[in-house]
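Since the structure comes first, as structure tokens, the remarks are kept for the end.
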Amino acid sequence: MVSMLRSSAKKIVLVLSALGLMLAFTGCSASDSKKAKAPQEEQTASVVIGKTGKGAIKTLLKNKTGKSIKEVSIRQSGEDEFSKLDFSKGSEFMNEKLAELNIPVKYKKDTKDAVEKDGDPNAAKVNERHLIDLSLSFSEDEKHEVNQLPIETLETLEKSELRFDAESDLVYFAGETKKGEKFNTLESQKALK
């Protein structure tokens with residue numbers, strides 16, 4: 001009877017050990033799958049700004065300003081009025097989150113023709129790039145503009161961020177193209193201030 005109890009105890013210990021190992025491996029594989037999914041989740045936008053549609057210029061943008069952005073408006077550089085871009089997913093662009101920014105195709109209109117009609121062909125060469133301005137509202141009292149963003153560059157960016165420079169009290173655009181070239185508007189924002 002004692003040998004039977006020892007045999008049963010050994011079996012119970014083996015079964016419990018096997019269960020423990022299975023749970024340990026299951027826990028490892030669950031955390032591994034979470035790690036594997038993390039980069040994909042990073043590429044998922046928490047908010048979509050502007051309407052997606054035919055010809056819209058789309059770029060993924062990370063908010064690194066330290067604050068939530070409540071409203072985004074756009075205009076062609078040189079125009080007076082901004083047009084609000086609707087948030088179609090999410091109600092605000094939270095700090096450290098990713099957004100899909102859709103720039104309507106009308107902002108890629110050919111400004112060169114308009115300048116040539118004014119009779120200054122040299123100005124047309126300067127204005128061949130399609131430039132936009134963004135107005136960002138953090139609250140009713142705090143708004144910032146990011147001016148003269150070239151749409152052609154935005155289309156080539158693989159990584160892009162909105163950042164805040166406390167020293168100059170400016171929000172600026174920074175990114176990297178698919179070819180690894182850096183893009184940063186801080187100095188041009190300072191010059192425009």
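Quick note: numbers below take in every heavy atom, side chains included, and nothing from hydrogens, waters or symmetry partners. Computed from a predicted model, the values in this text were never measured in an experiment.
Every pair passing ring pair (Phe, Tyr, Trp, His ring centres under 6.0 Å) that includes a residue from residues 154-176 is listed here, sequence neighbours excluded: H144-F164. Every pair passing salt bridge (Lys or Arg N to Asp or Glu O under 4.0 Å) that includes a residue from residues 131-142 is listed here, sequence neighbours excluded: K67-E142, R75-D133. A salt bridge (Lys or Arg N to Asp or Glu O under 4.0 Å) check over residues 168-178, counting only residues at least two apart or in different chains, returns the pairs E176-K182. Sorted by first and then second residue, the salt bridge (Lys or Arg N to Asp or Glu O under 4.0 Å) pairs with a member in residues 50-60 read K58-E100; sequence neighbours excluded.
Within the 4.5 Å cutoff, side-chain heavy atoms of L101 are placed close to those of L85. The shortest distance between side-chain heavy atoms of F93 and L136 does not fall below 4.5 Å. Annotation: side chain of K97 is not in contact with side chain of V47 (no heavy-atom distance under 4.5 Å). In this structure, F87 and V48 have side chains that are not in contact, with every pair of non-hydrogen atoms separated by 4.5 Å or more. Under the 4.5 Å side-chain criterion, counting only non-hydrogen atoms from C-beta, Q148 is in contact with L131. The shortest side-chain heavy-atom distance between K106 and Q76 does not fall under the 4.5 Å cut-off.
Note that CD of E161 and CD of E96 are 8.0 Å apart. Values are rounded to the nearest 0.5 Å. Within the model, atoms OG of S46 and NZ of K89 stand 7.0 Å from one another, a figure rounded to the nearest 0.5 Å. Here L149 contributes atom CG and S188 contributes atom OG; the two are 8.0 Å apart, rounded to the nearest 0.5 Å. Separation of atoms NE2 (H130) and CD1 (I57) is listed at 9.0 Å; rounding is to 0.5 Å.
When all heavy atoms are compared, the tightest approach of Q189 to E145 is NE2-O, 3.1 Å. Taking every heavy atom of both residues into account, L134 and F82 meet most closely at C-CE2, 3.9 Å. P104 and I74 get closest at one heavy-atom pair: CD-CD1, 4.5 Å. Between N95 and T65 the shortest heavy-atom distance is OD1-N, 3.6 Å. Nearest heavy atoms, N184 versus R163: ND2-NH1, 4.4 Å. When all heavy atoms of N147 and L192 are compared, the pair lying nearest together is CB-CD1, 3.7 Å.
By the salt bridge (Lys or Arg N to Asp or Glu O under 4.0 Å) test, K143 is found to be paired with no residue, residues two or more places apart in sequence or in another chain being considered. Scanning for salt bridge (Lys or Arg N to Asp or Glu O under 4.0 Å) contacts around K159 gives an empty result, with sequence neighbours left out.
Tracing side-chain contacts under 4.5 Å through hydrophobic residues (I, L, V, M, F, W, Y), one reaches L162 starting from I151; they form part of the same cluster.
Under the side chain to side chain contact (heavy atoms under 4.5 Å, CB included) test applied with N102, the options I49, D86, T52, T59 reduce to a single match, T52.
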Q.
If you apply the rule side-chain contact (heavy atoms from CB on, under 4.5 Å), what do you find for E92 with M94, and how did you get there?
A. CA-CA 6 Å; E92 61 186 76; M94 305 279 283; 3.3 Å; yes
Q) Can F183 and T156 be said to form a side-chain contact (heavy atoms from CB on, under 4.5 Å), step by step? A) CA-CA 10 Å; F183 174 72; T156 65; over 6 Å; no
